[in-house]
> 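Below is one structure. I have some questions about it.
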Amino acid sequence: MTIAELHRLIALGEGFYLEFKRKVASPEKIAKTLVAFANTHGGRVLIGVDDDGSISGVESEKETEQAVCHGAEHFCDPPVAIQTHIVSTKQGSDVVVAEIAESPDKPHRWLHRGESLVYIRVGNQSLEAADEVVRSLRSSPVDGEVPLGQNEQRLLRYLDLYTRITLPQYSKLVNISERRAGRSLVELVQAQILRLHTHESAPFYTLADDPATIRR
């Protein structure tokens, strides 16, 4: 990555695919961010960049790289594959760029104080995933026709009109518990009828661009 590319990234500001960190506080803490990106659509962490986009640089690029790699290997389950780059500015400050691709091995878990937690990227934050999101990450696509009940039919009609729906909205729409509604949404994601989106402030669902055969 060149200096010009680094500045272009910084100009975009923190978001769904990008996070700034002044430093790596510990391998364990950086691992949460790595897990979130790997579980969603990938992204980059710029280490040595303040929240306002100013470049402070890192004290030691090698130690920073080692801390990130240690976090990816020992505090992510399964380990998260990352690539790191060092960008040196004209002012002599070094920025470590960690690139994380969307993982085929989702869900990754953050190992934190004896707990195993799933994080995803939601908007410009790394947040703990709700149960139905974890199940969606874990699910594998299924082939063939998917019979739909009355609740699912109502959901599809709603999405034809309003494009998107959240778990609480679906629960209220068909008057069932959020737990049951979550299971239903996961099944529809697994059947490639719905798509889960996490790039805004709260996860939501839309019809898939190319839905599987639907028996209405």
> Hey, quick one: are Val122 and Val189 part of the same hydrophobic cluster, counting side-chain heavy atoms closer than 4.5 Å, chains of contacts allowed?
yes
> For a side-chain contact (heavy atoms from CB on, under 4.5 Å) check, start with the C-alpha distance between Ile86 and Thr64, then their side-chain angles and the critical distance, and finish with the verdict.
CA-CA 10 Å; Ile86 299 171; Thr64 299; over 6 Å; no
> Determine, using the 4.5 Å side-chain heavy-atom cutoff (strictly less than), whether Val35 and Val133 are members of one ILVMFWY cluster.
no
> Are Thr206 and Leu159 close enough that some pair of their side-chain heavy atoms sits under 4.5 Å apart?
no
> Taking the side chain as everything from C-beta on, heavy atoms only, tell me whether His41 gets closer than 4.5 Å to Phe16.
yes
> Just how far is it from atom SG of Cys76 to atom CG of Leu111, taken to the nearest 0.5 Å?
7.5 Å
> Hey, does the side chain of Ser56 reach the backbone of Gly48 with a donor-acceptor pair shorter than 3.5 angstrom?
yes
> Looking at Arg22 and Asp50, is any side-chain nitrogen of the basic one under 4.0 Å from a carboxylate oxygen of the acidic one?
yes
> Would you call Val45 and Ile100 a side-chain contact if the rule is heavy atoms closer than 4.5 Å?
yes
> What are the two closest non-hydrogen atoms of Ser103 and His108, and how far apart are they?
OG-NE2, 2.6 Å
> Measure the CD-NZ distance between Glu178 and Lys172 for me, rounded to the nearest 0.5 Å.
11.5 Å
> Please check this pair: side chain of Glu73 against backbone of His70, looking for a donor-acceptor N/O pair closer than 3.5 Å.
no
> Does some side-chain heavy atom of Leu155 sit less than 4.5 Å from a side-chain heavy atom of Leu188?
yes
> Does a side-chain heavy-atom distance below 4.5 Å link Lys106 with Thr40?
no
> For residues Leu137 and Ile120, determine if any side-chain heavy atom of one lies less than 4.5 Å from a side-chain heavy atom of the other.
yes
> Closest heavy-atom contact between Tyr119 and Asn39?
O-ND2, 2.9 Å
> Would you check if the side chain of Glu14 reaches a backbone N or O of Phe20 as a donor-acceptor pair within less than 3.5 Å?
yes
> Is Glu200 salt-bridged to Arg164, cutoff N-O under 4.0 Å?
yes
> Tell me whether Val24 is reachable from Leu18 by hopping between hydrophobic residues (I, L, V, M, F, W, Y) whose side-chain heavy atoms are closer than 4.5 Å.
no
> Working note: Ile165 + Phe204, criterion side-chain contact (heavy atoms from CB on, under 4.5 Å); need CA distance, chi angles, decisive distance, verdict.
CA-CA 6 Å; Ile165 196 167; Phe204 63 91; over 6 Å; no
> Using the salt bridge (Lys or Arg N to Asp or Glu O under 4.0 Å) rule, take Glu19 and Arg121 through it: C-alpha gap first, then chi angles, then the decisive distance, then the call.
CA-CA 10 Å; Glu19 179 156 322; Arg121 197 71 178 170; 2.5 Å; yes
> Grab the two heavy atoms, one from Ser177 and one from Ser171, that are nearest each other, plus how far apart they are.
C-OG, 3.6 Å
> Would you confirm whether Gln169, through its side chain, and Thr166, through its main-chain N or O, come within 3.5 Å as a donor-acceptor pair?
yes
> In Å, rounded to the nearest 0.5 Å, how long is the span from CG of Asn151 to CZ of Arg180?
6.0 Å
> Test side-chain contact (heavy atoms from CB on, under 4.5 Å) on His7 and Ile55; report intermediate values, then the result.
CA-CA 9 Å; His7 283 293; Ile55 297 176; 3.8 Å; yes
> Determine yes or no for a side-chain-to-main-chain donor-acceptor pair under 3.5 angstrom, with Trp110 supplying the side chain and Glu28 the backbone.
yes
> Do Thr84 and Glu65 have side-chain atoms, one donor and one acceptor, less than 3.5 Å apart?
yes
> Taking side chain as C-beta onward, heavy atoms only, is Leu148 less than 4.5 Å from Ile193?
yes
> Decide yes or no on side-chain contact (heavy atoms from CB on, under 4.5 Å) for Ile3 and Val87, but give the supporting numbers first.
CA-CA 7 Å; Ile3 297 176; Val87 182; 4.1 Å; yes
> Salt bridge or not between Arg154 and Glu152? Use side-chain N to carboxylate O under 4.0 Å.
no
> Tell me whether Phe75 is reachable from Val118 by hopping between hydrophobic residues (I, L, V, M, F, W, Y) whose side-chain heavy atoms are closer than 4.5 Å.
no
> Report the distance from atom CD1 of Ile176 to atom CZ of Arg183, rounding to the nearest 0.5 Å.
8.5 Å
> Which atoms form the tightest heavy-atom contact between Ala129 and Val134, and what is the distance?
CB-CG2, 3.7 Å
> CE of Met1 to CZ of Arg8: how many Å apart, nearest 0.5 Å?
9.5 Å
> What's the spacing between Lys21 NZ and Lys29 NZ if we round to 0.5 Å?
9.5 Å
> Could you tell me which non-hydrogen atom of Gly53 sits nearest to which non-hydrogen atom of Ile10, and how far apart they are?
O-CG2, 3.2 Å
> Keeping Ser136 on the side-chain end and Glu132 on the backbone end, is there a donor-acceptor pair under 3.5 Å?
yes
> More than 12 non-hydrogen atoms from neighbouring residues, nucleotides or ligands closer than 6.0 Å to CG on Asp52, yes or no?
yes
> Can you give me the closest heavy-atom contact between Ala208 and Gln192, atom names plus distance?
CB-O, 3.3 Å
> If you define the side chain from C-beta out and look only at heavy atoms, does anything of Arg135 sit under 4.5 Å from Gln190?
no
> Can Val68 be reached from Tyr17 by stepping across I, L, V, M, F, W or Y side chains whose heavy atoms are under 4.5 Å apart?
no
